[in-house]
Amino acid sequence: MIEGLNIKTLDDVNVSNKTVGVRVDFNSPIDPATKKILDDTRIRAHAETTLKELVEKKAKVVVISHQGRKGDPDFASLSEHASILAKLLPAKVKFVDSIFDEKAINEIKGLKPGEVLVLENVRMWDGETKSASPEDHAKTPLVQSLAPLFDVYVVDAFSAAHRPHASLVGFAPVVKHFVAGRVMERELRALYKVRNNPERPCIYVIGGAKAEDTAEIISNVLGNNIADKILTGGLAANLLLHAAGKNIGEVNVKILEEKGFLELEPELQKLLKQYPGRIVLPVDLAVESDGKRVDVPVDNVPNLPIKDIGVKTAQEYSRIIKESRTVVMNGPMGIFEDEKFSLGTKLVFEAMATSKAFTLIGGGHTLASASKLGYSDKISHVSTGGGALIEYLIKGTLPVIEVLKQYSK
Ligand code: 3PG
Ligand code: MG
């Protein structure tokens, strides 16, 4: 049971000899040319926890996941995911190239205790991606065909928990047991802590190349008094500096304009006024000049691309982080892939690693930067969520969490 949320977990059900449907999120980056999986982190996350446990407890395990979206280059079969899973699990892992037709149903019926069957990409069936209530999804052919075979349904796909899709919520009303898997459980415990009851001071660090959610994150996190301060880097910082009337150089304004971020400025100006001192902006920035890093104060930014927060800013952020008890970070501070501009991100990670704080990071680029700079295992909780994490931080809940709260049994 996850306290506070009243959600049942694998501790609350008997799975031995039972047929267990498990909704994981195997959605992985895929090379558009070769269609090969580029990173197996998400597959590992489920394999090493929930799936291993189910196999060891001798459940008959049916794995359901999506990969990409129809029309996108990363939309692909789950056959390679199944091969990777077979190498990670001490079990027989089969794959079937269908989802809920007779072939799939026969494979499920033929499973022996401790065996695993991976069904085809559930988004190959168009009904999957409709946003609908659990009750409506329960009437779909996916749920109607498979639910009678499942004794237990485990939702483990935290990183897809912002999607009220059929395989995520539709089994809830009809199966006997509907519970959270270990990945979901671990995420919910960590997130509940940082969103509902953070130890203070609580600092949020936002950066990266996506700034569309910046205003919403700031207004929710400060409006609900979750964080004491928000430290900013990446495009979010450039946007806030520009909104605050700083000259950040034409090239940098153009990037914000092209991405449509300038429209957010009136809202950000309001927030800067509403929360003085709590939205922390860089005092200096690093620009690229003739291939070199040059640190400049924010009052004197030349018309050159901004690629990192400046050294003084990074030192100040480190100081604030070291004195805090909770740190949540989403988005690197600069272009960390280029060593010259990885300094800001590195100092933030170093401070997180050495502080006494409970630290949480999430989002594809943040995880990539932590792994490249060698900090992944020095962070208290590395979230598998990108979009799901952001939505949780903004709203304090997600559609799938609400369904688990209502239906876990
Ligand atoms: C993700 O990676 O964001 C999740 O797997 C959900 O996928 P989606 O954004 O395509 O719905
Ligand atoms: Mg997504």
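The model shown is predicted, which means the values in this text are computed figures rather than measured ones. Both ligands and their constituent atoms are indexed starting at 1 by order of listing.
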Please check this pair: side chain of Thr345 against backbone of Met333, looking for a donor-acceptor N/O pair closer than 3.5 Å. yes
Those residues that, when tested against Asp295, pass salt bridge (charged side-chain N to carboxylate O under 4.0 Å, His left out) (two or more places apart): Arg293
Of all residues at least two apart in sequence or in a different chain, which pass the salt bridge (charged side-chain N to carboxylate O under 4.0 Å, His left out) check with Lys405? Glu402
Rounded to the nearest 0.5 Å, what separates atom CG in Leu149 from atom CD1 in Ile108? 5.0 Å
What distance separates Leu240 CG from Ile279 CD1, expressed to the nearest 0.5 Å? 6.5 Å
Tell me which residues fall inside the under-4.0 Å heavy-atom shell around ligand 1. Asp25, Asn27, Arg42, His66, Arg69, Arg123, Ser159, Arg163
According to the side-chain hydrogen bond (donor to acceptor under 3.5 Å, both in side chains) rule, which pairs have a member within residues 200-224, sequence neighbours left out? Arg200-Asp228
